[in-house]
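Scroll down for the structure; my scribbles are underneath it.
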Amino acid sequence: MAIRATPTVRRRRLGSELKTLRVAAGLNRDQAAEHIGVAPSTITKIESGQSAAKVGDVSLLLDLYGVTDEQRREVLLTLTREGRQRGWWQSHKKAVRPWFETFVGLESAARELRLYDSELVPGLLQTVAYYRANIGTAPVAFSEEAIEQKVAFRLARQERLNDPANELRLWSIINEACLRRMVGGPETMEPQLRHLVEASQRPNITLQVLPFSAGSHPAMDGSFVIMEFPECPDVVYLESQADARYLEEIDVVERYNVVFNHLRAKALDPDKSRKALVEAAENL
């Protein structure tokens, strides 16, 4: 499964282009909104990629912004049409939290994912049993049907990473707590740790363990994901219990890249990390 530009990425690229054109034209969001007959918040959502724009609205905005070059207009209108398409995750709608859809769309189009996880094994590397044990501790109980839907969605997300022909690279740094925290008991943790050992041997996956002995580090405030794309700027993803944040400012993204590099230097190298995983599995 090759890298694919999802509707989410198309919307974000279009939004960035429209914002640049609006600012260059010396117009604010209120003026743009009035021109196409929508609320200013709609312009905000379009420019941030949160909402799919209508082709007619984008055409009117291009008129307002003075874009007359036909080739340029067609590129942006094509992005608009592609941004309105359904993503593959729409078939798993019941299992996807609304605010998580954007992440899945970005994850599906990323060329590389750089992750730091402080408490849980990252979702793309979780076994089904581990995932079931974890969601079983949620404060709101899920029905068996809902759990099956979530498991199917998780496996669909993992499909691209597991495809030997894919172009996705994953660099995952996990805190030693992920190895020690007993999720589901030894009968769940042992296969999960063995799965991480196997995953770490794949050419597209780099896995490092950040040991407790490394002491304090620059990501003590929690987990994060850096997503790198072939055709648009990197995005940092932060998740909480209720929602998510997407950070795109160049200086902010660079700060997280610096933090990741510090973690990479403090963590065990891939070979030693693999040994630590094997030892953790054998000592359960």
Side-chain angles (χ1 to χ4, degrees), residues 1-4 6-8 86-110 113 115-175 177-202 204-205 207 222-225 227 237-244 277 280-281 284:
M1 190 183 301
I3 291 173
R4 53 196 186 278
T6 64
T8 305
R86 287 168 55 87
W88 67 264
W89 55 91
Q90 295 297 319
S91 61
H92 297 271
K93 190 74 174 178
K94 292 182 179 179
V96 187
R97 291 163 290 184
W99 52 266
F100 195 61
E101 289 188 37
T102 298
F103 174 78
V104 179
L106 293 173
E107 178 187 72
S108 299
L113 301 173
L115 328 176
Y116 169 65
D117 286 273
S118 61
E119 291 288 330
L120 279 173
V121 170
L124 291 179
L125 297 176
Q126 290 178 6
T127 63
V128 170
Y130 182 96
Y131 179 56
R132 284 179 179 276
N134 183 50
I135 61 177
T137 63
V140 178
F142 295 104
S143 67
E144 187 57 35
E145 180 183 6
I147 291 175
E148 290 303 317
Q149 291 171 343
K150 289 180 176 295
V151 168
F153 174 56
R154 175 59 57 87
L155 291 174
R157 282 180 57 207
Q158 294 178 349
E159 180 183 335
R160 182 177 166 219
L161 183 65
N162 296 334
D163 182 351
N166 80 74
E167 300 176 49
L168 175 64
R169 300 192 301 270
L170 175 68
W171 195 310
S172 174
I173 299 176
I174 58 175
N175 194 292
C178 300
L179 282 59
R180 306 301 176 190
R181 189 169 302 287
M182 200 62 60
V183 177
E187 68 280 3
T188 297
M189 285 302 300
E190 196 271 341
Q192 173 64 76
L193 294 171
R194 299 289 183 189
H195 178 67
L196 290 177
V197 172
E198 184 277 327
S200 72
Q201 297 171 328
R202 301 180 202 171
N204 63 320
I205 297 176
L207 182 61
S223 307
F224 61 88
V225 179
M227 294 177 275
Y237 172 78
L238 305 176
E239 183 178 314
S240 70
Q241 288 285 338
D243 58 15
L277 290 166
L284 287 174

Closest contact, heavy atoms only, P191 versus T127:
O-CG2, 4.2 Å
What heavy-atom pair brings L125 and H195 nearest, and what distance separates the two atoms?
O-CD2, 3.0 Å
Expected output: side-chain Q126 to main-chain Q192 donor-acceptor under 3.5 Å:
no
Any chance you could measure Y131, atom OH, to Q158, atom CD, to the nearest 0.5 Å?
10.0 Å
Taking all non-hydrogen atoms of both residues, which atom of S108 and which atom of R160 are closest, and how far apart?
O-NH1, 3.0 Å
From CD (E187) to CG (L284), nearest 0.5 Å:
10.0 Å
To the nearest 0.5 Å, tell me how far E239 CD sits from F100 CZ.
6.0 Å
Starting at CZ of R180, measure out to CG of L193 and round the result to the nearest 0.5 Å.
8.5 Å
Would you find more than 12 non-hydrogen atoms of other residues, nucleotides or ligands less than 6.0 Å from E145 atom CD?
no
For P122 and D117, which heavy atoms make the closest approach, and how far apart are they?
CB-OD2, 3.4 Å
Looking at side-chain heavy atoms only, is the closest gap between V183 and M189 below 4.5 Å?
yes
Shortest non-hydrogen contact from S118 to A177?
O-CB, 3.6 Å
Would you check, one step at a time, whether the test side-chain contact (heavy atoms from CB on, under 4.5 Å) holds for M227 with F103?
CA-CA 10 Å; M227 294 177 275; F103 174 78; 3.9 Å; yes
Would you call the rings of F224 and Y116 parallel, tilted or perpendicular, taking 30° and 60° as the class edges?
tilted
Hey, could you give me the OH/CG distance between Y237 and L106, rounded to the nearest 0.5 Å?
10.0 Å
When you compare the side chain of L161 with that of I205, does any pair of heavy atoms fall below 4.5 Å?
yes
Are L168 and E107 side-chain neighbours, meaning at least one heavy-atom pair lies under 4.5 Å?
no
One thing to verify: whether R194 and E190 come together as a salt bridge, which I'm taking to mean a side-chain N less than 4.0 angstrom from a carboxylate O.
yes
Determine the minimum heavy-atom distance between A280 and L179, stating which atoms define it.
CB-CD2, 4.1 Å
So do L124 and L113 actually touch side chain to side chain, heavy atoms under 4.5 Å?
yes
Drop me the distance from L196's CG to C178's SG, to the nearest 0.5 angstrom.
9.0 Å
Donor-acceptor pair, distance only, cut-off 3.5 Å: does the side chain of T188 make one with the backbone of Y130?
no
Would you mind reporting whether K150 and R154 have side-chain heavy atoms less than 4.5 Å apart?
no
